[in-house]
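Data block below; observations after.
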2 protein chains.
Amino acid sequence: MSKKRKLLIDTSLDLFYSNSINSIGINEILKTSGVAKQTLYSHFESKESLILSALQQRHTNFIEWLKTKLDGVDSNEQLIIRLFNALESWFRNSESMLGDFHGCFFINSASEFNNKQSNISLFCKQHKHEVRETIKQYMSQENLFLLDAICIMKEGAITNAYVSGDYSSAIKCIRILKQYENNTAFTD
Amino acid sequence: MSKKRKLLIDTSLDLFYSNSINSIGINEILKTSGVAKQTLYSHFESKESLILSALQQRHTNFIEWLKTKLDGVDSNEQLIIRLFNALESWFRNSESMLGDFHGCFFINSASEFNNKQSNISLFCKQHKHEVRETIKQYMSQENLFLLDAICIMKEGAITNAYVSGDYSSAIKCIRILKQYENNTAFTD
DNA sequence: TAAAGACTAGACAAGTTTGTCTATTTTGTG
DNA sequence: CACAAAATAGACAAACTTGTCTAGTCTTTA
């Protein structure tokens, strides 16, 4: 990928995620990156196209991060512990692969582009689907009820951390899910 | 409250929630409500002031709705069932007090105003706190671990419904929480 | 009925937005 | 070196943003 193109995507992602998409204009991205306007429009058709590239970049990063965090788990309980400890570490700005925590970029973006049919909303939906599939892959014993529970609690923990500032909510999830897992492991 | 003031708040809330705050300009609110610009600025100091009034309106509505849904519960298990059935009904546009579902207005707004110190973000945080306190009041037996679990799952269900279109996630929460409640009721 | 307050219509200011266009300079490569 | 591709700076267009101002009209109430 072209150096300038990469710089534009990195800068956009950084600004969009630290602020919000609608509050960051093209001119601010150009000023921060030091790239000329014509260069941006030779690489990207429109602002939306740049937004989608930034979402793609974050998606790739996030899935890669998730896989490193879950690599080698050998039980569903360990998966839960690893996942939610990783989330807490993210909330506390200790995950360098993800940068400082400003909520979930995909939830934030879907909130800004309320129209369900927009490319941006559809991308966010797809991202959540792929995160779910990734977690599923790391389950020692497939348990779709547990997977649902994990995915619901994951979103709840992120939202509680972001909106309410409760960074400990990920750890609370471990306790709840362990309880749940113990009681359903052999009944589903 | 003045009739025009109320009309402006109602129109703003409707447009902000159905779209997003940053994508709706003052002029659109004026056009939709049929109110003159000077009237708006005699009732509200600024757009931010109007936004805060819309948030306040939604907050009042939501708490009132929540209380009608939880009124008369006589066990924590019933509280869980009532709450999450109500959420599912909201996701499926069947709660007239809340209007059509477009996610949580407070999560959406906090996503748009990323700065934690902004009045808007602080209001959203406060809203979540008051929802938690309201649910707590309806617990037959106070159980803060269960309350945490409910609040995390509530946010997760809303996010899954909004971003992923999974309207059944609220019902899934009932199953998970019943399990949890049964196993912790006498141990906490 | 008269005066005061509320409201309207819309021009206007000053700034922002995305995207286009031109003219020039830099960079990479055969 | 020479030429082509890439990048630059920034003017410009057209539309939009929030907020102010003016002048006139409607509405309430004493």
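Chain A is the first sequence line, chain B the second, and so forth, proteins listed ahead of strands; every chain is numbered from 1. Computed from a predicted model, the values in this text were never measured in an experiment.
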Side-chain N,O ([X]) to OP1/OP2 ([N]) below 4.0 Å:
X	N	answer
Lys4(B)	dC7(C)	no
Thr39(B)	dT8(C)	yes
His43(B)	dC7(C)	yes

Rounded to whole angstroms, how far apart are [atom1] on [X] and [atom2] on [N]?
X	N	atom1	atom2	value
Lys47(A)	dT17(C)	NZ	P	8 Å
Tyr41(B)	dG10(C)	OH	C1'	15 Å
Lys31(A)	dT16(C)	NZ	P	10 Å
Leu15(A)	dT17(C)	CG	P	12 Å
Asn27(A)	dT17(D)	CG	C1'	15 Å

Considering heavy-atom distances to DNA chain C, does Gln38(A) or Ile21(A) have its closest nucleotide positioned more toward the 5' end? Ile21(A)
Can you confirm whether the side chains of Asn27(A) and Lys37(A) place a donor and an acceptor under 3.5 Å from each other? yes
If we ignore hydrogens and angles and just use 3.5 Å, is the side chain of Ser168(B) paired with the main-chain N or O of Ile171(B) as donor and acceptor? no
Nucleotide nearest Ala36(A) (side chain, heavy atoms from C-beta), chosen from dT18(C), dC7(C), dA9(D): dA9(D)
Need one value for Ser46(B): base, sugar-phosphate or nothing, where a base atom within 4.0 Å counts as base even if backbone is also close, heavy atoms only. sugar-phosphate
Give a yes or no on whether a donor-acceptor pair under 3.5 Å exists between the nucleobase atoms of dG19(C), that is its base, and the side chain of Lys37(A). yes
Give me the ring orientation class for Phe106(A) and Phe123(A): parallel if the planes are under 30° apart, tilted from 30 to 60°, perpendicular past 60°. parallel
Would you call the rings of Trp90(A) and Phe101(A) parallel, tilted or perpendicular, where under 30° means parallel and over 60° means perpendicular? perpendicular
